[in-house]
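A short write-up of the structure that comes next.
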Amino acid sequence: MATPGVPRPGNAPPYYNPSSVTDGMQNLQINRPTGPPGYVGPRPPTPLGQQPPPPFSSSAQRPSSFSGSFPMTRPGAPPPGVLPGGPLQATLPQNVASYRPSGPPPPFGSRPPPPGSLPSSMSTSGVPPGAFPSTGQVAPPSSHPNLSPFGSSSPLTTGPIFPPSSTPGPASNGPPAFGSGGMQRGPQFSSAGSPPPPLSSRQVGPAPSPVPFTRAPSPVPFTRAPSPVPNMRPLHGSPPTGAPSGPMQPPPFALPFPSGMPPPSGSLPFAAPPQGVAPPSGSPYGQQAWQMQPRQVAPAPPIPGSSQPPRMFGMPPQPPDQSMATISPAMGHMGAPMAGPSKIDPNQIPRPIPSISVILHETRQGNQANLPPPATSDYIVKDTGNCSPRYMRCTINQIPCTVDLLTTSGMQLALMVQPLALPHPSEEPIQLVDFGESGPVRCSRCKGYVNPFMKFIDQGRRFVCNLCGYTDETPSDYQCNLGPDGRRRDADERPELCRGTVEFVATKEYMVRDPMPAVFFFLIDVSMNAIQIGATAAACSAISQVIADLPDGPRTMVGVATFDSTIHFYNLKRELQQPLMLIVPDVQDVYTPLQADVIVQLSECRQHLELLLENIPTMFENNRTADSAFGAAVKAGFLAMKNTGGKLLVFQSVLPSVGFGALSAREAEGRTNISAGEKEAHKLLQPADKVLKAMAVELAEYQVCVDVFITTQTYVDIASISVIPRTTGGKVYYYFPFSALSEPAKLYNDLRWNVTRPQGFEAVMRVRCSQGIQVQEYSGNFCKRIPTDVDLPTIDCDKTIMVTLKHDDKLQDGSECAFQCALLYTTVYGQRRIRVSTLSLPCTTLLSNLFRSADLDTQFACFLKQVANEIPSSPLPQVREQVTNLCINILHSYRKFCATVSSAGQLILPEALKLLPLYTLGFYIL
């Protein structure tokens with residue numbers, strides 16, 4: 001049986017590519033043994049009380065105005081290597097003699113050297129003192145600057161004892177060569193402000209080969225004078241750095257020096273900057289060329305296992321327009337890169353950092369757009385011109401001026417638009433603007449809406465559209481004088497001129513018909529399987545509880561129908577003593593028995609509706625009809641809602657087997673022909689036929705949105721059923737295997753949020769761009785009848801539309817490119833509104849600016865949506881390879897054009913996209 005974390009012998013790694021970038025990708029194998037050949041045990045635990053490595057690694061966000069956040073402490077279990085007990089005892093194999101002295105230790109001044117140590121004559125011949133393991137005790141610090149290459153404080157060393165006749169192999173940053181109880185080497189720190197050691201005492205040139213340990217001919221006293229201990233604050237309750245309380249965890253090694261080149265003066269070849277000491281000015285992060293607004297966050301303690309590596313010798317200082325995260329190779333004995341499969345120090349691998357502080361974000365500051373906070377963080381937005389990143393995000397926050405520059409970067413240019421996203425409770429509400437019968441001010445050429453980036457000229461009598469550049473006449477009732485800065489004097493008093501997101505009251509010219517009411521029609525499966533597994537009772541219970549949460553008022557209307565092999569409508573008129581069942585037996589040519597009284601006002605039928613939902617499980621408890629006419633029932637519900645539109649909520653439990661849109665069990669066919677099923681498994685994710693797709697398009701045209709709640713214990717062909725919700729702007733809720741004990745509560749929560757969340761009906765959305773950029777494609781759950789508009793029978797706060805962009809002309813460097821999303825919709829209370837969100841971003845001709853301003857979450861969301869569209873038509877391995885290639889192309893472009901001076905074994909990541917490889921590897925768990 002293969003050991004977990006160890007590659008199978010004889011198999012090449014998957015997706016192997018000899019390029020350096022792919023080598024770096026393959027090095028992200030954290031859970032592999034790092035000991036000698038044959039070692040498969042876990043990393044030995046480190047005793048409690050160890051000093052964590054210094055903060056501010058390449059994987060942590062640096063505390064600058066650009067990043068806007070500080071390293072946070074990861075909550076949860078203690079990191080690997082920290083045990084609740086004291087220091088562990090080292091254990092040695094049986095064939096290795098123990099060299100630990102017995103009895104009380106001699107005084108420091110007369111303690112003999114450990115067995116296997118070097119003679120005193122070798123300590124000045126190019127081998128730095130302290131480079132080899134000592135006896136496992138912590139030596140006192142030394143104040144002599146020439147005794148150690150690490151500054152005024154000597155390294156705290158604890159490690160295994162090699163026998164006199166053995167030659168040590170390459171050391172690593174992992175466990176020692178002995179058993180799981182072996183001790184680890186401690187961290188090597190230098191005190192701040194101490195003078196650097198003379199060049200003669202440092203290792204110069206290429207790393208020497210391992211020197212065999214030889215026993216000294218006679219014990220030589222080894223004495224060190226004490227020196228001041230650096231004052232370093234302990235992390236997570238560990239003792240101070242200078243306290244020799246036990247073995248210490250080594251910090252991540254720094255970048256290797258090129259062969260034959262001496263290190264720069266004052267740099268430490270293997271030690272990371274200590275705590276409390278600022279990173280060197282030539283650090284890989286460099287300085288930011290353009291400052292972001294300071295985010296007000298609370299500082300958090302540094303993260304264990306993260307450190308800022310010093311700049312590699314021979315590499316020029318980082319230009320101010322670049323920032324990167326570097327992952328150095330794991331270093332072997334004497335500082336040479338370790339040979340073997342382990343090339344990357346796991347402590348330097350980037351990892352997500354949870355945010356525990358609320359970020360205060362201003363969208364613009366100083367007439368310049370600010371970088372948005374991460375989508376996964378908790379932030380409060382102050383709208384100062386650009387819309388909130390909750391409503392619209394761009395994959396790159398600086399727009400490339402040419403298509404060649406975008407192609408070179410390998411990144412996607414797209415927008416993630418969520419027009420009805422929920423704001424933070426502390427944010428200001430969106431302002432409602434009513435222009436009266438004239439309607440909002442718009443550009444007469446591109447029909448763009450007035451926004452803060454339109455420029456008023458000629459004393460406010462004309463304005464220049466920021467989208468198409470056309471000069472328009474300002475309406476007489478909207479004119480205002482300009483101030484000394486060229487802005488209207490009333491700009492700060494008008495939300496449409498100072499806010500990135502506003503809502504306009506739509507006039508009659510935006511209406512084809514009167515605003516539709518809020519209609520909710522429920523279709524419940526009452527076939528034999530649905531009754532037996534408790535799905536019907538769970539659906540009826542959830543609906544009866546949700547009725548109380550529906551919007552109040554005369555415009556809220558409801559209806560109920562059930563189906564098995566036939567369809568059952570119910571007359572809910574108040575005049576009737578009880579609901580009246582109307583059966584439609586023809587499931588091929590469906591019709592509605594009544595043109596009215598099937599959907600009635602909630603205020604008039606509440607009692608009848610509650611009585612009906614209570615009796616439905618009892619009415620069909622002896623039902624022996626196993627067939628389901630799902631397609632016919634959806635069509636019948638559509639015919640009942642055709643005049644009004646609304647939401648059709650369907651509860652389905654078995655495979656549709658009869659009537660219009662009947663389906664067959666394709667899963668059984670795949671089991672019969674196993675070889676064909678394996679080769680063409682992705683075809684099972686495609687719809688079985690186009691009948692349901694054609695019906696879904698018709699539903700969308702009449703503003704009917706379908707949500708399907710699948711409560712089943714068997715195969716139901718979701719690939720075919722999901723076509724209807726996807727086309728009508730709905731959603732599929734999947735409960736498999738359905739349990740009558742645990743699933744009803746979840747079903748109720750999902751249904752309640754579905755009908756009570758902020759949403760709108762009969763919506764139309766369009767995104768407009770500045771000259772030089774145009775919309776290429778929309779992606780999401782909607783129906784698109786014309787190329788420029790997106791038809792959404794229902795839009796809610798959870799729905800996001802991806803808008804892919806492309807260049808159609810060259811943009812001017814230094815200018816700004818604007819994007820505007822306009823959503824026309826009807827509220828649940830029957831008000832017609834236009835929500836307008838505007839985002840203006842700077843244009844650039846520098847490739848480094850694209851990588852620095854990239855949005856990781858939006859880029860990866862773009863990957864996910866593209867993959868979701870490819871999975872039904874391509875095999876899964878091919879889709880995984882496609883995503884991997886996208887990630888490789890981005891990292892390769894950054895390494896080739898933005899980080900040209902680096903060692904071949906080093907993985908260079910752009911700071912903004914340092915977690916992209918980790919996210920990409922998540923595709924391989926599918």
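Not measured: the values here are computed from a predicted model.
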Distance (rounded to the nearest 0.5 Å) between Asp796 CG and Gln418 CD: 9.0 Å
Check: Asp434 side chain, Val505 main-chain N or O, donor-acceptor pair, under 3.5 Å: no
Side chain Asn386, main chain Gly500, donor-acceptor under 3.5 Å: no
Ser603 (side chain) donor-acceptor with Pro554 (main chain) under 3.5 angstrom: no
Neighbour count >12 (heavy atoms, 6.0 Å) for atom CD, Gln812: no
Over 12 foreign heavy atoms within 6.0 Å of CD, Glu428: no
Side chain Asn849, main chain Thr844, donor-acceptor under 3.5 Å: no
Rounded distance [0.5 Å steps], CD1 in Ile773 versus CG in Leu811: 5.0 Å
Mutual orientation of the aromatic rings belonging to Phe456 and Phe463 [parallel < 30°, tilted 30-60°, perpendicular > 60°]: tilted
Enclosure of Asn367 CG (heavy-atom neighbours >12, cutoff 6.0 Å): no
Note, Cys465 side chain near Asp472 side chain (heavy atom, < 4.5 Å): no
Salt-bridge contact Arg766-Asp789 (side-chain N to carboxylate O under 4.0 Å): yes
Within-4.5 Å side-chain heavy-atom neighbours: Leu847 and Ser409: yes
Modelled atom types, side-chain donor and acceptor of Thr858 and Thr395, under 3.5 Å: no
Test item: Cys443 and Cys468 side chains (from C-beta on) under 4.5 Å apart, heavy atoms: yes
Non-hydrogen side-chain atoms of Phe819 and Leu805 separated by less than 4.5 Å: yes
Spacing of Arg462 atom CZ and Thr474 atom OG1 [to the nearest 0.5 Å]: 9.0 Å
Between Gln759 and Arg757, a side-chain donor and acceptor under 3.5 Å: no
No-hydrogen, no-angle side-chain donor-acceptor test under 3.5 Å, Thr838 and Asn451: no
Beyond-backbone contact of Val704 with Thr728, side-chain heavy atoms, under 4.5 angstrom: no
Phe453 side chain near Gln820 side chain, heavy-atom distance below 4.5 Å: no
Side chain to side chain, Phe863 and Gln412, heavy atoms closer than 4.5 Å: yes
Residues, nucleotides or ligands: over 12 heavy atoms within 6.0 Å of Tyr733 OH: yes
CZ on Arg835 to CZ on Phe504, rounded to 0.5 Å: 12.0 Å
CG-CG distance between Asn754 and Asn749, expressed to the nearest 0.5 angstrom: 12.5 Å
Modelled atom types, side-chain donor and acceptor of Thr826 and Glu762, under 3.5 Å: yes
Pair Arg364 + Glu816, salt bridge at N-O below 4.0 Å: yes
Cation-aromatic face contact Arg488/Tyr478, 6.0 Å, 45 degrees: yes
Reported NZ-to-OG1 distance for the pair Lys865 and Thr800, which is rounded to 0.5 angstrom: 6.0 Å
Beyond-backbone contact of Tyr894 with Met411, side-chain heavy atoms, under 4.5 angstrom: no
